[in-house]
Protein chains: 4
Amino acid sequence: MKDDEEQAGGRMRADARRNEDAVLEAAKTVFFTSGVDAPVREIAAMAGVGVGTLYRRFPKRADLVAAVFRREVDACAAEARTLAADNPPGRALELWLKRYTDFIATKRGLAAALHSGDPAFDTLPAYFQSNFEPALATLLAAAAATGEVRGDIEPYDLLRAIGNLAVGSGVDPAGHTQRMVALLIDGLKCGARRQGEDAV
Amino acid sequence: MKDDEEQAGGRMRADARRNEDAVLEAAKTVFFTSGVDAPVREIAAMAGVGVGTLYRRFPKRADLVAAVFRREVDACAAEARTLAADNPPGRALELWLKRYTDFIATKRGLAAALHSGDPAFDTLPAYFQSNFEPALATLLAAAAATGEVRGDIEPYDLLRAIGNLAVGSGVDPAGHTQRMVALLIDGLKCGARRQGEDAV
Amino acid sequence: MKDDEEQAGGRMRADARRNEDAVLEAAKTVFFTSGVDAPVREIAAMAGVGVGTLYRRFPKRADLVAAVFRREVDACAAEARTLAADNPPGRALELWLKRYTDFIATKRGLAAALHSGDPAFDTLPAYFQSNFEPALATLLAAAAATGEVRGDIEPYDLLRAIGNLAVGSGVDPAGHTQRMVALLIDGLKCGARRQGEDAV
Amino acid sequence: MKDDEEQAGGRMRADARRNEDAVLEAAKTVFFTSGVDAPVREIAAMAGVGVGTLYRRFPKRADLVAAVFRREVDACAAEARTLAADNPPGRALELWLKRYTDFIATKRGLAAALHSGDPAFDTLPAYFQSNFEPALATLLAAAAATGEVRGDIEPYDLLRAIGNLAVGSGVDPAGHTQRMVALLIDGLKCGARRQGEDAV
DNA sequence: GATGAATGAGGGTTCATTCAT
DNA sequence: GATGAATGAACCCTCATTCAT
């Protein structure tokens, strides 16, 4: 996972990798502030590289968009492991769901691009699912095992539910989405108790 | 409502009105297929008018977007009356909710524009609500009166719920949204029966 | 002279003439404030007529420019007669030269157009000269006859001199041009006295 | 002075400088033939570059106009030195004044632009004066020192006088202006002789 | 490899001019 | 005749993309 791009890992990794990181970081920021249609120059400038460099690594804009998306998915999924290691299961689940909500919110602008029909995006939904579903499954299972949440929730349904709840988050500066997600999490816990009772 | 634009009804309406209709119809189509940022020329060409004509009536793109939106709201709201006249209350409600779902689905592209902060869009949410809320309220009341659906549903909540359900509809070519909405309608009917039992 | 345009003087003179006057007046103003390349619509709007009306009378922009120019020449030349009738010769001359200076100043924008090579402008210099030269000749002769100014000045030279002096008048908000013209007039008077002495 | 643009002299100057030169040369020509409002494309085409190149270097039209103006001022002022080196003082003065007259004549179209109030032009008058005044002062002093012209002429007055004389030069295809300037130069020489006599 | 200058298609907008009403 | 709606050519300007350095 740490070597996702540039698998063959040739020479000059220091320079090249630094640039690629800078570009992806800049693109993430610019996509968020100016949308995915922001001028290439804006991204190159913020990354401190020439446009030629950017084009060398990401010949099509969709390549860049996809790379940013994957990178963000990686980061968010990785955090599931970190949170699970550092917190009790219920707390880890809760923190990660909030983290995932943020991911969805900042990716709002990408949605339109993702559905543009560009083949470069074809694999992204699967990438999304294959990273997030196991991550959430693990967190859910751990929290269910300690009785902190109910155990009959499908990870995919939860991912999708939050995705939908977060949909209008651009409109909602008042944290409506986070409140709804919190409600949902409460629902998970509440269900756990009842399940426990039933089990007994 | 039938004379919303050009109220004073001046001279040469035939020509002008025909063009305006053509432009709005073309814009609706193009906005749907190519997004709200589609080239002005594309819309003008499809409407069979020169770009100048389009600019005369809609100096800013936002003016055109807003006009298309209002026109669609009008059409959808008007259909509530038609359906109510031609169908039994429960059926009318059901048909209109599907119609409204389609409205939301095709307006997906507008969402981003609407939240762009352009003052030309400031009045649209109110326009949306002031047309749809009464329309749905009437349908709901009629269907509740015949016992076909439960009577404790707020029109606004239902509008918003469907809006959220339909959110990812671009992603969903398999009619997922329509199935969810159907489920919701079933819930309305189901609630009606239970309410009836309670009442007894 | 009072029927310069529309010589045949047909019916409907009231309406038509009123419009033509309004157009010329508006054009004069707009040419001064926005330049001779100002949008036709601006002129039509200020005149309170449709663009079609303007085009009917002045098919080419140059026609309008020429008509405005002639009208202003007429007005300025006519004033020579009025001033001569109402003032002593020296005073009349002085007042008219100031009037002529204003004419030149406000026509600054036209200069470029006049030299554009458009055939519609070919007759304007002659029109200018054939109106202004006699007008000034008369004033000069009268003032010379009373000994108020020297008698050896060619009207054309004076017209041209003032024209040149007024050349930078756009740059000169401080009345530089008017001061120079005043100086020139003083020169005329001063010469007169010396001539008188010589004559004795 | 020889390195006015691109002082720091970065890399790739060959290409860029060549283009800039071509653009300025083309702009000078086009401004003269078609006026300062000529289409950008016309200039780009004549310079053999894309419009983008032109916009890169001169984002606003006023930038291009100002650059052309400065370049012409530079060229004309530089010629004062050349002429002084290659001719006797009186002849050098005479030749340069004719050269300056040409400069004024071809810049006629710029006058309106210069007084448009655009801040990009604010520094041009000072640039004009700070280049031409010393250049002419040197020529005048040298010619006065050899007794070829009178010594009581202010360079600025002479520059301005020729500027005014050349004002109608568009109208004057018959060399009227050059004749007037020649007359003026004669006056300078004539004054010199009389001054000499007075001195004796 | 990195850079950024150059290119030019593409899209917005204006306005002279025509012509149906 | 007067009107002003419609037209579309012509401009401006912005970037995506290429390519010489």
Side-chain angles (χ1 to χ4, degrees), chain A residues 10-12 15-16 18-19 23 37-45 47-61 64, chain B residues 10-20 22-23 37-45 47-61, chain C residues 10-12 15-16 18-19 23 37-45 47-61 64, chain D residues 10-20 22-23 37-45 47-61:
Chain A
R11 68 187 158 80
M12 202 192 178
D15 222 42
R18 193 159 25 248
N19 274 341
V23 167
D37 292 328
V40 171
R41 276 174 170 66
E42 192 178 333
I43 299 167
V49 304
V51 288
T53 302
L54 199 155
Y55 271 96
R56 162 175 299 270
R57 297 179 186 289
F58 307 102
K60 313 292 293 176
R61 173 181 294 265
L64 179 56
Chain B
R11 171 165 62 80
M12 197 185 185
R13 220 171 32 194
D15 226 41
R17 184 66 193 223
R18 198 164 14 253
N19 274 338
E20 181 153 329
V23 166
D37 292 328
V40 171
R41 278 174 173 74
E42 189 179 337
I43 299 168
V49 305
V51 289
T53 301
L54 203 154
Y55 272 100
R56 162 183 289 270
R57 294 176 190 290
F58 308 102
K60 313 293 293 178
R61 177 180 292 265
Chain C
R11 69 187 159 80
M12 203 193 174
D15 222 39
R18 194 160 22 250
N19 274 341
V23 166
D37 292 328
V40 171
R41 275 174 170 68
E42 193 179 332
I43 299 167
V49 305
V51 287
T53 302
L54 199 155
Y55 271 96
R56 160 175 300 272
R57 296 179 186 288
F58 308 101
K60 313 293 292 178
R61 174 182 292 266
L64 178 57
Chain D
R11 164 166 68 78
M12 198 185 184
R13 220 174 27 194
D15 227 40
R17 184 66 192 224
R18 197 162 16 253
N19 274 340
E20 181 153 329
V23 166
D37 292 328
V40 171
R41 272 176 172 70
E42 190 179 337
I43 299 167
V49 304
V51 290
T53 301
L54 203 154
Y55 273 100
R56 162 183 289 271
R57 293 174 190 292
F58 308 102
K60 312 294 291 179
R61 177 180 294 265

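Numbered from 1 within each chain, the chains take letters A, B, ... in sequence-line order.
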Looking across every strand, which nucleic acid part, if any, lies under 4.0 Å from B:Ala38 by heavy atom: base, sugar-phosphate, or nothing?
sugar-phosphate
D:Glu20 CD to E:dG4 P, straight-line distance once rounded to whole Å:
18 Å
With both distances under 3.5 Å as the test, what is the Watson-Crick or G-U wobble partner of F:dC12?
E:dG11
In this structure, how many angstroms lie between the C1' atom of E:dT18 and the CZ atom of B:Arg56, rounded?
13 Å
State whether the distance check finds a donor on one side and an acceptor on the other, under 3.5 Å, for side chain A:Arg41 versus base F:dA16.
yes
In whole angstroms, the gap separating P of E:dA16 from CG of D:Asp37 amounts to 14 Å
Rounded distance in Å - CG (D:Leu54) to P (F:dT14):
13 Å
Short side-chain N/O contact from B:Asn19 to OP1 or OP2 of F:dA5, under 4.0 Å
no
Here's a test of your reading of the structure: between B:Gly50 and C:Val49, which maps to the more 5' nucleotide of DNA chain F?
C:Val49
How many whole angstroms separate atom CZ of A:Phe58 from atom C1' of E:dA2?
15 Å
Measure the OH-CZ distance between B:Tyr55 and B:Arg61 for me, rounded to the nearest 0.5 Å.
7.0 Å
Got a second to check how far C:Thr53's OG1 is from C:Phe58's CZ, nearest 0.5 Å?
11.0 Å
So, does B:Arg57 get its side chain near the phosphate of F:dA5, meaning an N or O under 4.0 Å from OP1 or OP2?
no
Looking at F:dT7, I'd like to know if its phosphate oxygens (OP1 or OP2) sit under 4.0 Å from a side-chain N or O belonging to B:Thr53.
yes
Between CZ of B:Arg18 and P of F:dT7 the distance, given in whole Å, is 12 Å
The side chain of A:Tyr55 is closest to which nucleotide in this list: F:dA6, F:dA16, E:dT17?
F:dA16
Complementary nucleotide of F:dA20, counting Watson-Crick and G-U pairs under 3.5 Å:
E:dT3
With DNA chain F as reference, determine whether A:Val40 or A:Gly52 sits nearer its 5' end, using the nearest nucleotide of each.
A:Val40
Name the closest nucleotide to the D:Pro39 side chain, picking from F:dT18, F:dC11, F:dG1.
F:dC11
Would you mind reading off the distance between D:Ile43 atom CD1 and F:dC12 atom C1', rounded to a whole angstrom?
12 Å
Shortest non-hydrogen contact between C:Ala44 and C:Val51, atoms and distance
CB-CG1, 3.8 Å
Is there a side-chain contact between C:Leu64 and C:Ile43, using heavy atoms and a 4.5 Å cut-off?
yes
From the list E:dA5, E:dT13, F:dA5, which nucleotide is the closest neighbour of the side chain of B:Val51?
E:dT13
Quick one: does A:Arg61 reach the base of F:dA16 with a side-chain donor-acceptor pair under 3.5 Å?
no
